[in-house]
Participant: 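For reference, the structure I am asking about is given below.
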There are 2 protein chains.
Amino acid sequence: MYVILVYDFGEKRVAKMLRLCRKYLSWIQNSVFEGEISEVRLKELLLKAGEIMKKEEDSVIIFKGSTHSSLQKEILGKERCAIDNFL
Amino acid sequence: MYVILVYDFGEKRVAKMLRLCRKYLSWIQNSVFEGEISEVRLKELLLKAGEIMKKEEDSVIIFKGSTHSSLQKEILGKERCAIDNFL
């Protein structure tokens with residue numbers, strides 16, 4: 001399964017969420033990740049995200065597609081991926 | 001065409017970009033928009049975004065799908081849409 005994950009977390013929790021998502025998906029911009037992931041791994045990720053997040057303040061949106069090819073990606077401006085692989 | 005648009009803009013330009021995107025798409029989180037849009041309208045939006053952005057600092061990512069139903073959306077935590085419709 002191909003997913004795009006976008007989060008909006010409070011400043012205190014954002015670094016922790018970034019580290020978590022990096023273990024499961026590829027970082028593409030600020031708080032946006034994408035990648036192929038199994039249902040089980042995604043559940044695991046969301047469970048852990050739920051432990052980090054404050055539900056009344058933070059949010060995570062996941063877009064699920066059957067395959068990567070169901071979406072076409074276009075980037076304008078600076079590509080962030082390369083810069084920040086070592087965060 | 002269904003698109004998800006995510007931007008990462010410098011602080012000085014972010015409000016302008018938010019206002020621009022609101023004219024074309026539905027806001028769903030922080031700097032994330034989605035919606036049905038024609039090729040022509042999308043080109044127009046990206047042209048205007050290009051005028052606002054600093055290409056060496058900012059970025060826009062667009063995911064294009066043929067239809068809304070090619071993606072399934074799931075939200076955890078706070079839904080931001082309703083709160084901020086009047087920005």
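Protein chains get the first letters and strands the later ones, always in sequence-line order, with residue 1 at the start of each.
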Participant: Let me confirm one number: the CG-CZ distance from Asn30(A) to Phe9(B), rounded to the nearest 0.5 Å.
Facilitator: 12.0 Å
Participant: Applying the side chain to side chain contact (heavy atoms under 4.5 Å, CB included) criterion to Ile4(A), which one of Ile61(B), Val6(B), Ile4(B) satisfies it?
Facilitator: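 It is Ile4(B), the one option of Ile61(B), Val6(B), Ile4(B) that forms the side chain to side chain contact (heavy atoms under 4.5 Å, CB included) with Ile4(A).
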Participant: Using a 6.0 Å cut-off, check whether atom NZ of Lys43(A) has over 12 heavy atoms from anything other than its own residue.
Facilitator: no
Participant: To the nearest 0.5 Å, what is the distance between NZ on Lys78(B) and NZ on Lys54(A)?
Facilitator: 11.5 Å
Participant: Which atoms of Leu5(B) come close to chain A, meaning under 4.5 Å heavy atom to heavy atom: side chain ones, backbone ones, both, or neither?
Facilitator: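 Answer is neither: Leu5(B) stays 4.5 Å or more from chain A.
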Participant: Is the shortest side-chain N to carboxylate O distance from Lys64(A) to Glu74(B) below 4.0 Å?
Facilitator: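 Result for this pair is yes, salt bridge flagged.
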Participant: What's the spacing between Leu76(B) CG and Lys55(A) NZ if we round to 0.5 Å?
Facilitator: 7.5 Å
Participant: Non-hydrogen atoms of chain A under 4.5 Å away: do they reach the side chain of Val32(B), the backbone, both or neither?
Facilitator: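 Just the side chain, heavy atoms under 4.5 Å.
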Participant: Can you check whether Ser59(B)'s main-chain N or O pairs, donor with acceptor, with Gln29(A)'s side chain at less than 3.5 Å?
Facilitator: yes
Participant: Is Tyr7(B) close to chain A through its backbone or its side chain, or both, or neither, when contacts mean heavy atoms under 4.5 Å?
Facilitator: backbone
Participant: Using a 4.5 Å cut-off on heavy atoms from C-beta on, say whether the side chain of Val60(B) contacts that of Ile75(A).
Facilitator: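 With C-beta onward as the side chain, the pair stays apart.
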